Amino acid sequence: MIDVKKLSKSFGDHLVLDQIDQHIYPGEKVVVLGPSGSGKSTFLRCLNLLETPTGGTIVFDGQEVTDPKANIDKIRQQMGMVFQHFNLFPNMTIRKNITLAPVRTGLMKQEEADETATTLLKRVDLLDKADAYPAQLSGGQKQRIAIVRALAMKPKVMLFDEPTSALDPEMVGEVLDVMKELAQEGMTMVVVTHEMGFAREVGSRVLFMDGGHILEENEPHAFFANPQNERTKLFLSKVL
Amino acid sequence: MDLAYYYELWRGMMLSKDPLVAEAVTWWQEFYVKFYQAFLEADRWKQYLNGVGTTLTATALALILGVVLGVLVAMVRTAHDQQRPDRRKNFVLGFFNLICKVYVTVIRGTPMMVQLLIWSSVVFISSRSYTMIGIFGLGINSGAYVSEIIRGGLMAVDGGQMEAGRSLGLNYIDTMRFIVIPQAIKAILPALGNEFIVLLKDTSLITVIGGKELLHAAQGIMGRTYEAMFPLLGIASIYLVLVVIFSWLLGKLERRLRQSDRR
């Protein structure tokens, strides 16, 4: 579904991603682990071109994302993204947050988008907040809304950039529950996270990144039980 | 009570050839005469009123021109700075960006008074509508500052907002229009109000090139009465009152903007 070839990214002289090759298959839940500064967020952000790669190609669903002539808006409409800091639009109600993109991009009419929003809000149990503003919500609620906002575009893949890192510990569970539910429904997901429990339980494949390379990849049980790479062992010994 | 009667009476005493009579005039009688001369005689208050009208009109027109120019310049410069680094730079945008940069640098780097004199005595030398030239000069000047206010407001919006909008598949213009600009306005409006107040006071510079606003009215009366204090203190008070009124209105506006944050 997403085919990454020789992906490189450098900020000035600083090489963040070094020739990454990776393929993400439909329905996979890929969890990306690694210490901070390892390039995992940059890798994720390159997938929908929030960061522009300095080298390599990314092909999503047969469309070359990295082609300068690609219609990046059309491609992004099919890739949902959830951010660490939620990035809800504070000037709009929750309902408007959710319906703005589907309506403006011509995916849905306003009534249809409103219905979709209602359905999605019911699903995350936040229908009563439909007419509230983001400032009135807790962190966990904001992140659930952010997930729903991305889902309203009916994306083929969801990218999560440390979705629980900015949350109070108490609120992590409610966000992870939504993500688990999404995984069970078969959504293709790429998740950058520090939640080892989530990686083990939900992930179908774990990537371990450091220094701009993917050092190890495996299915989660083998990855956690029997890490191969020295750096992976060191990392896991510190976080588990 | 006839105001004019006492004015004529005491003025006659002040101008009297008899030193005894002239010295008999008390300080408050002299005060009254000068005050009457400055504001009431020959309905001079109407000249001040006309001056205030021109000053307010000039401020409003200059601000409109300044905001229009400021928005254009800010749009060009922001769009230019937010181009994706990998793509070939848009040449046309780069060209306009350069013009905008030169404009802002030149206007902010030279005194307003000099600019006004250049407009009136170099560029529009054959024109005699001095007030309009003054408004034009003020507007051009204001545009440079307004563009920086707007650019600052746009940059103050968290970068995550643009990313969130774009990641949903919205294009650049829609993201600006629905997400970034509405949030930037909260930062822009108070600063823009401040610019309005600065502009209101700066309209007095138009007098230098012959515009007929409030200071011009005062100068005319000073020329006729050979008395500077009352007209000058008078218009200073008028400016002060205007500024206080507008500051108060701005304060109200700011409070309302902040209220919407607490929804």
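Note that the structure is a prediction, hence the values are computed from the model and not measured. For the numbers below, each heavy atom of this structure counts, side chains included, while hydrogens, waters and symmetry mates do not. Letters go in sequence order (proteins before strands), and every chain restarts at 1.
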Listed by number, the residues in residues 25-40 of chain A that come under 4.5 Å of chain B (heavy atom to heavy atom) are none

By side-chain hydrogen bond (donor to acceptor under 3.5 Å, both in side chains), B:N171 pairs with (sequence neighbours left out) none

Looking only at heavy atoms, the pair that brings A:F89 and B:A164 closest together is CE2-CB, 3.8 Å

Residues passing the salt bridge (Lys or Arg N to Asp or Glu O under 4.0 Å) test with A:R45, sequence neighbours excluded, are A:E51, B:E163

Okay, A:L88 and chain B: the region with an atom under 4.5 Å from a heavy atom over there is backbone

Backbone N or O of B:F178 within a donor-acceptor pair of the A:N91 side chain at under 3.5 Å?
yes

Checklist entry - Does a sphere of radius 6.0 Å around OH in B:Y172 hold more than 12 heavy atoms from other residues, nucleotides or ligands, not counting ones at 6.0 Å or beyond? => result yes

Turns out that what part of A:M79 lies under 4.5 Å from chain B's heavy atoms comes down to backbone

Next on the checklist: Are A:N87 and B:D158 packed together at the side-chain level, in the sense that at least one heavy-atom pair is separated by less than 4.5 angstrom?
Outcome noted: yes

B:F91 CZ: over 12 foreign heavy atoms closer than 6.0 Å: no

* To do: Check whether any side-chain heavy atom of B:L168 lies under 4.5 Å from a side-chain heavy atom of A:R149, and answer yes or no.
  => yes

If one checks every heavy atom of A:F83 against chain B at 4.5 Å, the contacting part turns out to be side chain

Assess whether side chain to side chain contact (heavy atoms under 4.5 Å, CB included) is satisfied between A:D73 and B:L170, documenting all intermediate values.
-> CA-CA 6 Å; A:D73 296 328; B:L170 293 170; over 6 Å; no

Side chain A:N48, main chain B:S167, donor-acceptor under 3.5 Å
no

Q. Counting only heavy atoms not in A:K74, do more than 12 fall under 6.0 Å of its NZ?
A. no

For residues 103-113 of chain B, the side-chain hydrogen bond (donor to acceptor under 3.5 Å, both in side chains) pairs (sequence neighbours left out) are B:T110-B:Q115

Nearest heavy-atom approach of A:R76 to B:R166 is CD-O, 3.0 Å

Do other residues, nucleotides or ligands put more than 12 heavy atoms under 6.0 Å from the CE atom of B:M132?
-> no

